[in-house]
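Please read the structure below before turning to the comments.
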Amino acid sequence: DAGITQSPRYKITETGRQVTLMCHQTWSHSYMFWYRQDLGHGLRLIYYSAAADITDKGEVPDGYVVSRSKTENFPLTLESATRSQTSVYFCASRRQGLEQFFGPGTRLTVL
Amino acid sequence: GENVEQHPSTLSVQEGDSAVIKCTYSDSASNYFPWYKQELGKRPQLIIDIRSNVGEKKDQRIAVTLNKTAKHFSLHITETQPEDSAVYFCAAGGVTSGTYKYIFGTGTRLKVLA
């Protein structure tokens with residue numbers, strides 16, 4: 001389903017560098033989310049946004065920054081990447097009712 | 001804070017047998033309980049969901065049951081097939097005082113042995 005896309009799909013960076021992961025959805029869903037997925041932890045919420053210019057912290061927000069100037073975009077920035085931020089990052093948006101629909105994911109490696 | 005416990009973390013069954021995965025949630029305001037299937041290297045995909053005004057829901061070989069009093073819900077897969085092998089996540093969601101919450105369990109890796 002091309003309604004929600006993420007870029008890049010794979011990224012390798014070094015500690016201390018700034019990295020931005022992009023998320024774009026074409027449905028005009030008001031809610032968007034960022035999760036990280038690590039072995040043994042399942043999906044953990046980093047940040048979410050209820051609408052343009054409205055964002056809020058999730059379970060693991062430290063080291064991350066988000067913005068939402070347009071409804072369709074929800075970028076996630078790692079201001080100074082650390083090895084512990086090596087993970088798979090999923091963006092999601094809230095579809096009809098309460099269900100969330102996920103993007104394809106970005107696999108980030110921090111060396 | 002609120003959490004969702006999911007058991008077991010791994011489950012192996014013979015092809016054709018049934019599989020059951022259980023989740024327990026803590027937030028009594030939760031009223032939406034989806035299940036996601038995630039194949040290796042892919043995104044989680046919604047396979048079935050249930051709302052708190054329903055006790056059971058079926059879709060072909062999969063079913064979900066909800067016991068709101070006990071705050072637990074379960075995924076049942078009958079006549080398992082090798083393509084059912086994946087990681088399954090439960091979640092509990094709802095809106096409390098205008099705040100939307102959606103908490104995932106830690107996942108169950110299901111292996112269906114041919």
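- Clustering ILVMFWY residues whenever any of their side-chain heavy atoms sit less than 4.5 angstrom apart, transitively, puts F33(A) in a cluster other than the one holding F33(B).
- Follow the hydrophobic side-chain contacts under 4.5 Å out from F74(A) and you reach L108(A) in the same cluster.
- V88(A) and L21(A) fall into different hydrophobic clusters, where Ile, Leu, Val, Met, Phe, Trp and Tyr side chains are chained together by heavy-atom contacts under 4.5 Å.
- For L43(A), the parts sitting under 4.5 Å from any heavy atom of chain B are the backbone and the side chain alike.
- The minimum heavy-atom distance between Q37(A) and F89(B), with the atom names listed, is NE2-CZ, 3.2 Å.
- Grouping the Ile, Leu, Val, Met, Phe, Trp and Tyr side chains by contacts below 4.5 angstrom, directly or via other members, places V87(B) with L46(B).
- With a 4.5 angstrom heavy-atom cutoff, Y102(B) touches chain A via backbone and side-chain atoms both.
- Under the 4.5 Å side-chain heavy-atom criterion for grouping Ile, Leu, Val, Met, Phe, Trp and Tyr, L76(A) is connected to V19(A) within one hydrophobic cluster.
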When the side chains of residues 58-68 of chain A are checked against the rest of the protein, which donor-acceptor pairs come out under 3.5 Å, sequence neighbours left out?
{"unit_1": "Y64(A)", "atom_1": "OH", "unit_2": "R36(A)", "atom_2": "NH1", "d": "2.9"}
{"unit_1": "Y64(A)", "atom_1": "OH", "unit_2": "Y89(A)", "atom_2": "OH", "d": "2.7"}
{"unit_1": "R68(A)", "atom_1": "NE", "unit_2": "T71(A)", "atom_2": "O", "d": "3.1"}
{"unit_1": "R68(A)", "atom_1": "NH1", "unit_2": "S30(A)", "atom_2": "O", "d": "2.7"}
{"unit_1": "R68(A)", "atom_1": "NH1", "unit_2": "S49(A)", "atom_2": "O", "d": "3.4"}
{"unit_1": "R68(A)", "atom_1": "NH1", "unit_2": "S49(A)", "atom_2": "OG", "d": "2.8"}
{"unit_1": "R68(A)", "atom_1": "NH2", "unit_2": "H29(A)", "atom_2": "O", "d": "3.2"}
{"unit_1": "R68(A)", "atom_1": "NH2", "unit_2": "S30(A)", "atom_2": "O", "d": "3.0"}
{"unit_1": "R68(A)", "atom_1": "NH2", "unit_2": "T71(A)", "atom_2": "O", "d": "2.7"}

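- Looking at F102(A), the atoms closer than 4.5 Å to chain B (heavy atoms on both sides) sit in the backbone and in the side chain alike.
- Taking both residues in full, the closest heavy atoms of F101(A) and R43(B) are given as CE2-NH1, 3.8 Å, listed atom of the first, atom of the second, then distance.
- Within a 6.0 Å radius of CZ in R109(B), other residues, nucleotides and ligands contribute 12 heavy atoms or fewer.
- Interface remark: Q6(B) contributes no atoms to any contact with chain A (heavy atom separation under 4.5 Å).
- Of all heavy-atom pairs spanning Y32(B) and E99(A), the tightest one is OH-CB, 2.9 Å.
- In this structure, CZ on F104(B) lies 5.5 Å from CD on Q100(A), to the nearest 0.5 angstrom.
- Both the backbone and the side chain of P44(B) come within contact range of chain A, with heavy atoms under 4.5 Å apart.
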